Structure formats: structure tokens, C-alpha cells
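Below is one structure, written out as C-alpha cells, with a few remarks after it.
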Amino acid sequence: MLTYNIVNLKKEEEERLRNKIRADHEKALEEAKEKLRKSREEIRAEIQTEKNKVVQEMKIKENKPLPPVPIPNLVGISGGDPEDNDIREKREKIKEMMKHAWDNYRTYGWGHNELRPIARKGHSTNIFGSSQMGATIVDALDTLYIMGLHAEFLDGQRWIEDNLDFSVNSEVSVFEVNIRFIGGLLAAYYLSGEEIFKIKAVQLAEKLLPAFNTPTGIPWAMVNLKSGVGRNWGWASAGSSILAEFGTLHMEFVHLSYLTGDLIYYKKVMHIRKLLQKMDRPNGLYPNYLNPRTGRWGQYHTSVGGLGDSFYEYLLKAWLMSDKTDHEARKMYDDAIEAIEKHLIKKSRGGLIFIGEWKNGHLEKKMGHLACFAGGMFALGADGSRTDKAGHYLELGAEIARTCHESYDRTALKLGPESFKFDGAVEAVAVRQAEKYYILRPEVIETYWYLWRFTHDPRYRQWGWEAALAIEKYCRVSGGFSGVKDVYSSTPTHDDVQQSFFLAETLKYLYLLFSGDDLLPLDHWVFNTEAHPLPVLHLANTTLSGNPAVR
Ligand code: DMJ
């Protein structure tokens with residue numbers, strides 16, 4: 001009986017299996033037939049869906065969270081409401097200008113790097129390479145945040161989550177991408193706490209690292225994000241890299257090491273510093289050009305404006321950002337500023353203090369709009385300066401602010417030219433047609449803001465308001481804000497570009513100028529050269545504070 005049952009059970013099992021195999025075959029046959037019945041379009045759509053699924057899965061994998069680190073104390077990330085009615089109204093007006101710039105970019109340029117406010121379409125330049133990386137979105141995020149424009153901020157965040165991709169065959173400027181994208185993403189991360197910004201900043205930084213693969217470790221000016229191939233600008237003296245470009249990475253790279261625990265970023269920038277320290281400096285000045293193959297200076301040109309500017313700024317800010325423990329950076333800043341004051345800073349016949357440009361032992365009495373940021377830098381560096389010269393540097397900062405204000409005041413539009421001369425009867429005025437433009441730059445307003453924070457002299461708010469009104473009157477068009485080609489012509493022509501730094505810097509500094517000091521207080525925040533606030537890192541007890549063991 002038992003044997004009979006076992007035999008029967010085996011038979012039933014075999015039968016079940018046979019049925020299952022038959023059913024599977026039939027199902028597969030049906031599916032194959034079904035496929036054959038499908039149109040090409042349907043099959044293509046299915047393949048696309050599959051592809052999207054894979055991309056999505058990869059994204060989730062790529063965007064995996066980084067190891068947690070203690071986040072610095074984030075003081076004053078909102079607020080700053082002024083008590084005074086008039087000041088509050090002015091601040092509101094600046095916020096409205098930001099809305100106008102953003103909304104139009106949102107409508108006509110979304111995802112492009114910048115906006116053409118008159119043509120009402122996207123715009124880009126070679127610094128961003130050939131792809132649409134939404135530079136305005138990334139650059140504007142922290143300004144939106146501090147202004148309380150949270151819906152707009154979220155809109156930008158969504159775009160970044162869904163679209164910002166650095167695996168593109170595109171050659172970008174290492175400096176510009178660092179200050180605008182990495183700086184912007186890090187600031188957005190610290191302000192909002194949203195992991196995605198940190199993850200994107202690190203993804204981008206990894207793509208920039210191949211730029212450092214040069215015989216000296218001085219990075220190339222440009223790098224292809226996909227291939228990692230780097231090169232320098234064709235116009236730079238003797239194949240050189242530019243001081244203001246390779247010397248303006250420190251703040252962001254130290255934060256990257258801090259946030260990731262990976263020292264590679266810190267080591268890259270400290271290597272640059274060490275190399276610079278070893279080099280001879282003619283008259284104590286840093287030339288603007290350095291060849292990354294030979295490690296030799298190019299032309300002996302020194303400038304606190306374009307090509308040199310933010311290198312000096314980052315020495316001071318490295319010290320501030322390290323909670324004033326990075327004494328090496330402070331020393332380099334003090335030495336550099338002393339040499340600059342000795343050789344480049346002069347008083348005009350009319351009594352205006354200006355910063356000229358040093359070219360092969362000759363001082364060109366010309367000052368760029370870009371150099372106007374130095375008024376704020378001198379004021380910011382006054383505290384902690386050598387031999388108790390704080391008063392002197394604050395005064396110097398105020399003099400630079402006055403000169404730069406004059407460069408605005410002596411124009412028809414009350415907006416400053418790109419570059420102005422001090423030559424005989426000509427003072428603080430552009431001479432060449434090619435130097436008469438204003439492209440919504442922030443440096444003069446930046447200096448007003450720092451001077452305001454340190455002195456509370458009402459003249460800085462007044463000067464800032466004059467500039468805001470002039471921008472509103474001459475640069476505002478219905479599709480956004482545009483630069484102007486000639487600040488001396490009362491009927492200006494527009495250049496039809498809304499620069500991303502207008503939202504990142506110009507409008508942010510104006511907003512801060514009409515806010516209380518409790519918004520982003522300077523003893524807790526250090527602004528990168530694109531006005532992206534990064535918190536002071538209390539690194540004294542960690543390996544990043546310039547500990548020789550790490551270097
Ligand atoms: C900005 O991108 C930065 O401030 C940079 O350091 C110099 N120039 C522009 C704005 O003028």
C-alpha cells in the first residue's frame with residue numbers, strides 16, 4: 001500500500017512539472033507574439049523606459065549620502081529685518097529686483113547658464129563649456145534662501161536634483177566652476193541642510209581633480225569634465241596658469257575635505273601654497289602668470305584687479321575661515337599686501353587713492369572695477385593686521401570705496417566703468433571706448449557692504465542705494481536685467497546679458513547692505529569670491545588646521 005502511494009505521488013509530481021513547463025512555454029510564446037504585434041514606436045518607448053530606469057538607479061547609487069560630519073554652528077541664516085521703515089522698504093525693493101531677475105530667467109532661460117533678457121532666451125560663455133549647467137540656478141540659490149524666497153529655492157533644488165549632471169563632454173573653467181558651482185552648492189548645503197547640494201558639490205570636485213595632473217601640481221585653467229584633459233587659455237602669457245584662478249580654490253577645497261573626510265582636496269591646495277612660498281617674488285609681488293609645466297613665472301605683471309584679485313582675498317579668508325588659526329595664510333596675506341601698498345597703491349593729483357597695475361617694473365595708473373573689491377578686503381583684514389595697523393587698513397578700505405564711488409559718480413548713468421584711469425587731468429574715468437561698459441558687476445557694492453558692517457557710516461548705504469537705483473533705471477528691462485555698453489552715454493545700449501553673478505553677488509550684497517548685522521554675521525561666515533557664504537570651521541583640534549602631519 002505504501003509503495004503504491006509513493007509511486008502515485010511521483011507520477012502526480014511529474015505531471016505537475018510537465019504542466020508547468022508547458023504553461024511557461026505557452027506564456028513565453030504568447031509574449032513573443034505580443035512583441036511582434038507591437039509597433040516600432042512601442043518597442044522604442046519600452047527600451048527608453050528601461051534605460052530611464054537604469055539611469056534612475058545609477059543616480060540613486062551616485063547620490064548616496066556621504067559620511068556624516070559635525071556641522072558648524074550656523075548662526076544668522078535668516079532674519080536681519082531692519083527696524084527702520086525706510087531701510088526695510090529699500091530691502092524689499094532689492095528683493096523685488098531679485099524676483100524680477102529670477103522669474104525671467106525661470107521663464108526664458110531655465111536650465112541655460114545665463115539669460116539674454118532682451119532676446120528672451122538662454123545665454124552662455126566658454127567658461128561654462130558647451131553644456132547647459134544651470135549656472136544661474138546654482139549661483140542664485142543662497143541669495144534666494146536668505147531673502148526668504150523659499151518656493152523659488154525649492155524650484156532650483158528640484159532642477160539640480162533632476163538635471164545637474166557633470167558627466168558631460170564639456171571643457172569648463174576650473175576657477176569659475178569652483179567659485180560659482182562648488183561655492184554655490186556648498187553654501188546652499190550649509191544654509192538648507194539638503195544633502196543633495198553636498199553630494200553634487202563633491203561629484204563636481206571629483207571631475208575637477210584631473211586638472212591638477214600637471215608637472216608642478218599647479219592646475220590647468222580648463223578641464224574637460226568627461227575626459228579629464230586640461231589646458232590653459234590661449235591668451236595667457238607663455239602657456240601660464242593664472243594666479244587668481246589657481247589661487248582661488250582654497251576655501252571650497254578645505255570645505256570639501258572637511259565634509260568628505262577625504263584629504264585629497266586639502267592636499268591639492270596646500271601644495272599650491274607651498275610651491276608659491278618657495279618662489280622668488282620680484283619686489284615681493286606675485287606675478288599673475290605661472291607656467292604649470294616649468295613652475296616659472298610668466299610675464300611680470302601684478303594686479304589686484306583681474307588675474308590677481310581673489311588670490312589675495314583667499315589668503316585672508318583662509319585665515320578667517322580657519323577661525324584665525326591658519327597663521328601661514330595670514331602671513332602670506334600681510335606680506336603680499338605690504339608689497340602691494342608699497343608698489344601699486346598711489347594717490348592721484350586730485351587726492352584719490354587708487355590701485356594701479358604693475359607691468360615689468362612700470363606702474364600703469366589704471367584701476368579695474370574688479371580691483372574695487374579690495375576696499376572690502378582691506379577692511380575685513382584690518383583686525384588681526386601686523387603691528388597694530390588696523391586703523392590704517394580700515395582707512396585704506398574707506399579710501400578705495402571713495403575712489404570707486406567717484407568712478408560711478410563721474411558717469412552719466414551713475415554706474416562704474418570696467419576700468420578707469422588716473423592720468424593728468426583724467427581721474428577715475430574710462431578713456432578707451434572698450435572700457436566704458438558695466439556688466440552688473442558687484443565689487444563696488446561689495447566694498448560698500450563690508451565698510452558698512454565695520455563702520456556703520458550711513459554714506460555706504462546711501463552709495464549702495466544710488467547704485468541700486470541706477471541699475472533699476474538703466475539695466476532693468478522687461479525680460480530681466482542687462483549690462484550696458486557705455487556708462488557715459490545717457491542713452492545706454494544694452495549688452496543683453498544677465499550675468500549669473502548679478503544674482504549671486506550684486507543683489508545679495510545690496511540686500512545685506514539693507515539688513516541688520518545679525519544676518520550672516522562676519523565672525524561666523526566667510527564669503528567666497530562669488531559671495532557664497534561658508535561657515536567658519538573650528539579646525540584647531542582637527543587634522544585640517546595646517547597640521548604638519550597632514551601636509
Ligand atoms: C565674480 O565671478 C567673482 O567676484 C570673481 O572673483 C570676479 N568677477 C566676478 C564678478 O565681477
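We count ligands from 1, going down the list as the structure has it; atoms in each ligand are counted the same way. None of these values were measured; they are calculated from a predicted model.
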### Message
Check the orientation of Phe527 and Tyr509. Use parallel for under 30°, tilted for 30 to 60°, and perpendicular for over 60°.
### Response
tilted
### Message
Checking Asp495 now: which residues fulfil side-chain contact (heavy atoms from CB on, under 4.5 Å) with it, not counting sequence neighbours?
### Response
Ile439, Ser482, Lys485, Val497
### Step-by-step ring-ring contact (aromatic ring centres under 6.0 Å, His included) determination, His123 to Tyr105
CA-CA 10 Å; His123 169 262; Tyr105 167 76; over 10 Å; no
### Residues lining ligand 1 [heavy-atom distance under 4.0 Å, listed by chain and residue number]
Ile179, Arg180, Leu370, Arg441, Pro442, Glu443, Phe501, Glu505, Thr529, Glu530
### Query
Restricting to pairs with a member in residues 365-379, which pass salt bridge (charged side-chain N to carboxylate O under 4.0 Å, His left out), not counting sequence neighbours?
Glu364-Lys366, Lys366-Glu435
### Query
So, are Lys93 and Glu96 salt-bridged, with charged N and O less than 4.0 Å apart?
yes
### Query
Does Lys473 have any side-chain hydrogen bond (donor to acceptor under 3.5 Å, both in side chains) partners at least two apart in sequence or in another chain, and if so, which?
none
